[in-house]
Amino acid sequence: MNIGIFDSGIGGMTILHQAMTLMPRENFIFYADTDHVPYGTKSREQVIAYVDEVLRFMIRHNCKAVVIACNTATAVAAESMRAKYRLLPIIGIEPAVKPAVAESRGRRVLVVATPLAVHEKRLRNLVERVDDAHLVDLLELPGLVEFAERGEFVSDNVTAYLQERFSGYALDRYGELVLGCTHFNYFKDTFRALIPPQIHIIDGSLGTVRQLMRVLDARHELAETAAGQGVDWEQCKNDICVRYFESGREITDAAKLGRIGQLHERLERMRKI
Ligand code: DGL
């Protein structure tokens with residue numbers, strides 16, 4: 001049996017990467033819906049239809065659980081898809097607003113996400129539930145998804161884009177930056193260089209993979225891991241079985257698989273920031 005992980009594009013590899021190091025005995029299917037990326041500027045109806053199509057693909061490919069490795073698709077479609085595919089465990093990702101508020105010690109919290117996620121009720125409700133002191137601000141960064149899909153992670157354009165988007169915020173008053181889109185993890189080095197040192201960067205990938213492990217464990221479907229603690233990326237990267245798909249088409253081309261390897265290397269560096 002496989003674990004399916006999907007996103008509109010390469011953002012979901014943040015979750016795949018984390019899952020590979022914590023669950024090195026599993027088989028994964030990674031699906032980037034590149035025909036429809038970006039999701040964050042589409043309508044909710046369109047995104048729900050895309051997610052439905054991917055889930056049917058995952059079911060056909062023998063998945064014991066599926067992770068919606070996309071904050072936007074989770075916000076829009078997780079609930080209705082769980083109601084539709086009752087037998088399939090569907091794990092979503094949500095911006096880590098709750099831990100960020102808890103850790104901010106009264107400083108402000110900036111949540112960055114896609115336009116669709118920012119306008120969804122689910123994120124608004126989450127903020128309302130945990131933000132008693134009105135510390136949280138939401139900021140859309142759709143440009144980063146486009147940079148990421150082009151493979152442009154560090155450049156003057158990326159820096160200028162973020163400087164412009166941050167220009168209305170007194171960043172010295174902030175304590176937490178929440179990465180509310182899985183594509184944004186590729187830019188942690190630039191975020192780090194632009195924001196004051198007291199701001200802690202947080203994202204939901206570890207929490208999501210832990211939730212995946214809990215769900216599989218409860219169903220006695222978790223493949224045993226040495227100490228259950230995960231392994232060093234260098235040790236595990238060549239042994240784990242992952243099949244990569246672009247909107248349903250399997251990637252077998254060596255050059256493309258090589259680029260995927262480079263993305264993992266980048267994510268490994270970003271994970272340490
Ligand atoms: N990576 C996705 C997320 O976490 C969405 C990016 C997009 O397609 O707009 O929200």
Side-chain angles (χ1 to χ4, degrees), residues 4-19 30-55 66-79 81 90-97 100 110-127 138-153 158 161-162 165 177-188 191 201-209 211-212 244-248 260 263-264 266-267 270-271:
I5 298 182
F6 83 93
D7 180 31
S8 59
I10 61 170
M13 280 183 54
T14 312
I15 306 296
L16 172 68
H17 188 84
Q18 186 74 65
F30 181 75
Y31 185 121
D33 193 9
T34 46
D35 287 357
H36 302 123
V37 67
Y39 283 179
T41 52
K42 303 266 173 26
S43 71
R44 35 190 345 263
E45 291 70 26
Q46 277 173 307
V47 173
I48 290 171
Y50 301 149
V51 173
D52 199 0
E53 195 181 326
V54 180
L55 287 175
V66 175
V67 182
I68 306 179
C70 172
N71 295 262
T72 311
T74 300
V76 169
E79 233 166 88
M81 292 299 118
I90 298 174
I91 291 91
I93 181 167
E94 254 181 359
V97 182
L110 188 58
V111 181
V112 289
T114 68
L116 187 54
V118 163
H119 292 106
E120 265 304 300
K121 265 210 306 278
R122 188 167 168 137
L123 180 54
R124 304 266 161 182
N125 290 345
L126 171 66
V127 172
L138 303 177
L139 172 64
E140 303 169 14
L141 294 177
L144 284 193
V145 178
E146 314 226 335
F147 282 122
E149 290 298 320
R150 283 207 294 274
E152 186 175 340
F153 300 121
V158 170
Y161 174 74
L162 286 176
R165 298 301 290 156
L177 174 68
V178 180
L179 303 184
C181 168
T182 48
H183 279 77
F184 296 175
N185 288 63
Y186 289 98
F187 302 94
K188 268 172 109 176
F191 278 121
I201 303 175
I202 181 167
D203 75 275
S205 53
L206 183 58
T208 302
V209 174
Q211 175 63 7
L212 167 66
Y244 294 91
F245 292 85
E246 283 179 329
S247 297
I260 287 171
L263 294 176
H264 277 296
R266 177 154 190 83
L267 286 172
M270 297 302 105
R271 204 155 67 96

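Both ligands and their constituent atoms are indexed starting at 1 by order of listing.
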Q: Of all residues at least two apart in sequence or in a different chain, which pass the ring pair (Phe, Tyr, Trp, His ring centres under 6.0 Å) check with Y186?
A: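 Here the qualifying residues are F153.
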Q: Less than 4.5 Å apart, any side-chain heavy atom of V37 and any of D33?
A: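 SC-SC contact between V37 and D33 ruled out.
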Q: For E149 and H183, which I'm curious about, is there any donor-acceptor pair between the side chains at under 3.5 Å?
A: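 Side-chain D/A pair, E149 to H183: present.
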Q: Is it the case that over 12 heavy atoms from other parts of the model lie below 6.0 angstrom from the CD atom of Q46?
A: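 Enclosed.
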Q: Looking at residues at least two apart in the chain, or sitting in another chain, which of them share a ring pair (Phe, Tyr, Trp, His ring centres under 6.0 Å) with Y39?
A: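 For Y39 the ring pair (Phe, Tyr, Trp, His ring centres under 6.0 Å) partners, ignoring immediate neighbours, are Y50.
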Q: Please tabulate protein-ligand N/O pairs under 3.5 Å for ligand 1, atom names and distances to 0.1 Å.
A:
{"from": "ligand 1", "atom 1": "1 (N)", "to": "D7", "atom 2": "OD1", "distance (Å)": "3.1"}
{"from": "ligand 1", "atom 1": "1 (N)", "to": "D7", "atom 2": "OD2", "distance (Å)": "3.2"}
{"from": "ligand 1", "atom 1": "1 (N)", "to": "T182", "atom 2": "OG1", "distance (Å)": "2.9"}
{"from": "ligand 1", "atom 1": "1 (N)", "to": "H183", "atom 2": "ND1", "distance (Å)": "2.7"}
{"from": "ligand 1", "atom 1": "4 (O)", "to": "N71", "atom 2": "N", "distance (Å)": "2.8"}
{"from": "ligand 1", "atom 1": "4 (O)", "to": "N71", "atom 2": "ND2", "distance (Å)": "3.1"}
{"from": "ligand 1", "atom 1": "4 (O)", "to": "T182", "atom 2": "N", "distance (Å)": "2.8"}
{"from": "ligand 1", "atom 1": "4 (O)", "to": "T182", "atom 2": "OG1", "distance (Å)": "3.2"}
{"from": "ligand 1", "atom 1": "8 (O)", "to": "S8", "atom 2": "OG", "distance (Å)": "2.6"}
{"from": "ligand 1", "atom 1": "8 (O)", "to": "Y39", "atom 2": "N", "distance (Å)": "2.6"}
{"from": "ligand 1", "atom 1": "9 (O)", "to": "Y39", "atom 2": "N", "distance (Å)": "3.3"}
{"from": "ligand 1", "atom 1": "9 (O)", "to": "G40", "atom 2": "N", "distance (Å)": "2.7"}
{"from": "ligand 1", "atom 1": "10 (O)", "to": "N71", "atom 2": "N", "distance (Å)": "3.4"}
{"from": "ligand 1", "atom 1": "10 (O)", "to": "T72", "atom 2": "N", "distance (Å)": "3.1"}
{"from": "ligand 1", "atom 1": "10 (O)", "to": "T72", "atom 2": "OG1", "distance (Å)": "2.5"}

Q: Looking at residues at least two apart in the chain, or sitting in another chain, which of them share a ring pair (Phe, Tyr, Trp, His ring centres under 6.0 Å) with F245?
A: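 Listed in chain order: F57, H61.
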